[in-house]
Structure formats: C-alpha cells, structure tokens
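Numbers for residues simply follow the sequence, beginning at 1. First listed ligand is number 1; within each ligand, the first listed atom is number 1.
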Amino acid sequence: MAYDIETKCLHLEQQGETCDKSGAISFPIYQTATFAHLGVGKSTGYDYSRLQNPTREQVEKVVAGLEGGVDAVAFSSGMAAVSAVMELFRPGDQVIVDEDLYGGSVRLFLNISQKNGIEITRVNLCTEPVENYITERTKAVFLETPTNPMMNVIDIRKISESTKKHGILLIVDNTFLSPYFQNPLKLGADIVVHSGTKYLGGHNDTLAGFVVSGTKELAEQMRFTIKTTGAGLAPFDSWLILRGIKTLALRMEKAQANAIRLAHWLQEQPEVVRVIYPGLNEHPGHIIMKQQAGGFGAMLTFEVTSKELVAQILERVKLIQFAESLGGVETLITYPITQTHADVPPEILERNGITDRVLRLSVGIENVDDLICDLEQAFFD
Ligand SMILES: *Cc1c(COP(=O)(O)O)cnc(C)c1O
C-alpha cells in the first residue's frame, strides 16, 4: 500500500525491515564509527559509518520516499550535498545554472566548480529558453524554484523537456518548498537537492543536506562520492532530521497559512513597495506554481521605501529574529544583500532586483497576529 505523504513523514512503507528488535518507536541513534564482522566475508551490512550507518540509512530512506526517488544520500550540510553533485562533472563540462540561486551555491559554482574546469553559464531560466544555451559540452541544468530570494517560478516540466531531449541532467534544489509541497523528480528532474537544515529539520538546530537520485546509475555515483569524500551526516544529526520530518506536514501547512496572512498585511502598508509571494494571484509564477506544486510555501520577499527603514525594521523586531537561514519553526527576517547574497556579484544582484531595500521573511509557526504586531511596531513609531 502506498501511504500519503503525511503518513510517510512518520512511517516507512517497509517499516518491518528497519525496526529495531526492541520495538523502539523512535529510531535508535547508532553512535558508532565501525561495525564488527561475523567472519571473513560476513558483514552485517554495515562496515564503517562513512559508508553507511543505520540511523543515516533510516533518514535517507525516509527522504527518498518523500521525494519519490530511487535513493537519497544524507550529507553534513546542504552545501556538502551540492558539492557532491558537482563531482559528477569533469573539466570541460558545462553546467547551466539559474541566475537567482542561494548565495552559497553561487559561491561554490563561481569559485570551486570553475577552478575545477567546469564552465558555469548563468541564465535567467524564468525568462530565457534554456535551449539557446545548450551546447555539446552541456551536462546539466541546475535551478531552484521558487528562487532565492526573488521568488521567481521556473516551469520544471518545460525545462525537463529540453534536458531530456539533449540527454542532460536536470538538478533541482527543492529546499524552499520541501517534498511536502513539490516533488521535482515527478516533474522530470533527475536529481533533487535539499538543505535539510531548513524545512526537513525544521527547528533551526541542525545542519544537513540530501541528494535524491531518480535513477539507479546516479544513485550509485552518489554512493561512491559520499564513501570517497566523506561528508556524511552524523548519526545524532540524522536522528534530529528524522524527528523534524515527523511534523513536516503540520509545520508546512501552518507556516504557509501565516505567510499568506503576512503577505496580505504587507501589501496594505504604504511603506511597502512590493510583496513577492507566489501565493498571491498577481505573482507572475502563480499559475505555473499551482500546476507543479501542492502549495506556495512560507518564504516571502518584500521591498520597502528606503534603506533607512530596512535598518529600523531589523533593529526593532522583537519576536521575529534578524538571522540568516529559513525553514524553521521560528520566523526569521534576512537582509539578502549583506547576508545570504553577500558574495553574489553586484551585476547579478542588480539584474535580479536584490537591492538594499529588499527583505526576506521565513515565516514560522507562531500566532500570526503576534507576528503582525511585531512588524507593526517595527515599521511605525
Ligand atoms: C541553505 C540553503 C542551501 C545550503 O544549505 P546548508 O545546509 O546551509 O549548507 C542550499 N540551497 C538553498 C536553497 C538553501 O536555502
């Protein structure tokens, strides 16, 4: 029987296989580096925790199940996961990446991937046909949707028609929506990446990353990479992510409901120039998002009238914390230009409209009226 995603957050489909003999409801933390062998050629299935550890294996199975992948590999951070994906490519390969991406991914692509001989071509995949940029050397297209922080929506199915036609990979960073709202593999992607630090963990207390593969061949390559480069998720952190995922459905629904209320409230404020949230009917990506995702998420970006007002808001918020990161139960406000996007080249910032008047909210699960009160006192004297 195939479970619904709400159930899959709590129970694996083949629960029996992985259940501990004690009957523990919470999956045990196997805090061990190595495993004893029963004899020559007789392994329990576990040899050394860099290769695999039961707790990590459990969270990998859960995440693979949520995304509908063949396999998922758990890394020590989202960036470790993105770095591992880039190990699929060789010098001379070209990778097309969307222009509006998480700042850390931009830093990796422009400094490390390029140094390793991989040509990175930045394209606005929301407005420009990817076909125009695919060459014989193109091996993959990498994107996020909705994008960070400008919430551009990219049509995954449409891009996948091109990547399939040319036999290249489509890699989607699905951090912003989590598998609860969007499953890129089902829309034609080949690989899904997550910063598990965000919605999967959900409590702003653990770093983690995932690579979910859509084929057995890719899964084998990712297994080889983690075994060889060694950035696997630790047993305790694997357990924290397992625990976080148990409430993924509830958290996503509540955070989204709060985000919709806040988006409407912000729209009514004269000091707010624009509110960018794909759940608003007027958002240019609203219809595509309805077709490819089960919800709009809880990330929203807004622009105010002046840089001075930005400083005032960031100083005055009390309940809302001025901090980097997203996807946790606490509402966080971020100033992309000095935080997440500090290393993004100025011409990209300008083209994407990431000005010194733009703020990003990761809406949490607090009472929404308390959040509005907090913003009200931060905006007005
Ligand atoms: C945070 C984030 C990452 C990086 O993840 P870490 O866990 O911080 O290394 C990658 N992509 C997106 C969209 C993110 O928000």
Side-chain angles (χ1 to χ4, degrees), residues 56 59 63 67 72-86 95 97-113 120 125-126 141-154 156 171-182 184 189 191-212 226 229 231-234 237-238 240-241 244-245 252 255 259 278 293 297-301 323-328 330-336 339-344 348 352 354 360-364:
R56 197 178 94 207
V59 74
V63 172
E67 282 291 10
V73 177
F75 291 88
S76 55
S77 72
M79 287 320 302
V82 181
S83 303
V85 168
M86 294 311 285
V95 177
V97 308
D98 185 51
E99 249 182 16
D100 193 29
L101 289 177
Y102 176 70
S105 298
V106 176
R107 184 168 57 226
L108 174 80
F109 296 152
L110 299 189
N111 295 285
I112 302 205
S113 308
I120 301 292
L125 295 173
C126 191
V141 175
F142 184 103
L143 60 89
E144 296 170 15
T145 178
T147 65
N148 184 355
M150 298 316 277
M151 312 304 289
N152 298 323
V153 176
I154 299 168
I156 300 176
I171 305 159
V172 177
D173 180 336
N174 199 31
T175 301
F176 263 38
L177 288 183
S178 89
Y180 182 72
F181 281 139
Q182 183 169 268
I191 294 177
V192 169
V193 176
H194 277 283
S195 168
T197 313
K198 315 297 168 55
Y199 289 104
L200 291 172
H203 292 74
N204 289 321
D205 57 11
T206 322
L207 292 186
F210 292 90
V211 176
V212 191
I226 197 164
T229 61
L233 192 61
D237 291 353
S238 298
L240 280 169
I241 302 294
I245 289 174
M252 292 308 296
M299 296 299 300
L300 69 89
T301 296
E324 243 169 278
S325 201
L326 62 108
E330 296 92 1
T331 299
L332 303 182
I333 193 162
T334 305
Y335 193 26
Q339 293 181 301
T340 52
H341 288 62
D343 285 348
V344 177
I348 299 189
N352 292 337
I354 307 169
R360 189 190 78 182
L361 273 174
S362 167
V363 183

Restricting to non-hydrogen atoms, name the atom on Phe176 and the atom on Thr147 that form the minimum distance, rounded to 0.1 Å.
CE2-O, 3.8 Å
Is a side-chain donor or acceptor of Thr331 paired with a backbone partner of Gly364 at a separation under 3.5 angstrom?
yes
In a simple table, one pair per line, please give the protein and ligand 1 atom names for every N or O pair closer than 3.5 Å, along with the distance.
{"unit_1": "ligand 1", "atom_1": "5 (O)", "unit_2": "Ser195", "atom_2": "OG", "d": "3.0"}
{"unit_1": "ligand 1", "atom_1": "7 (O)", "unit_2": "Gly78", "atom_2": "N", "d": "2.8"}
{"unit_1": "ligand 1", "atom_1": "7 (O)", "unit_2": "Ser195", "atom_2": "OG", "d": "2.8"}
{"unit_1": "ligand 1", "atom_1": "7 (O)", "unit_2": "Thr197", "atom_2": "OG1", "d": "2.6"}
{"unit_1": "ligand 1", "atom_1": "9 (O)", "unit_2": "Gly78", "atom_2": "N", "d": "3.0"}
{"unit_1": "ligand 1", "atom_1": "9 (O)", "unit_2": "Met79", "atom_2": "N", "d": "2.8"}
{"unit_1": "ligand 1", "atom_1": "11 (N)", "unit_2": "Asp173", "atom_2": "OD2", "d": "2.6"}
{"unit_1": "ligand 1", "atom_1": "15 (O)", "unit_2": "Lys198", "atom_2": "NZ", "d": "2.7"}

Shortest non-hydrogen contact from Ile154 to Thr145?
N-OG1, 2.9 Å
For the backbone of Arg360 and the side chain of Thr301, can you confirm whether one donor and one acceptor N or O come within less than 3.5 Å of each other?
no
Donor-acceptor contact below 3.5 Å, side chain Asn111 vs main chain Arg107:
yes
Just by modelled atom types, is the Gln182 backbone N or O under 3.5 Å from a matching donor or acceptor in the Asn174 side chain?
yes
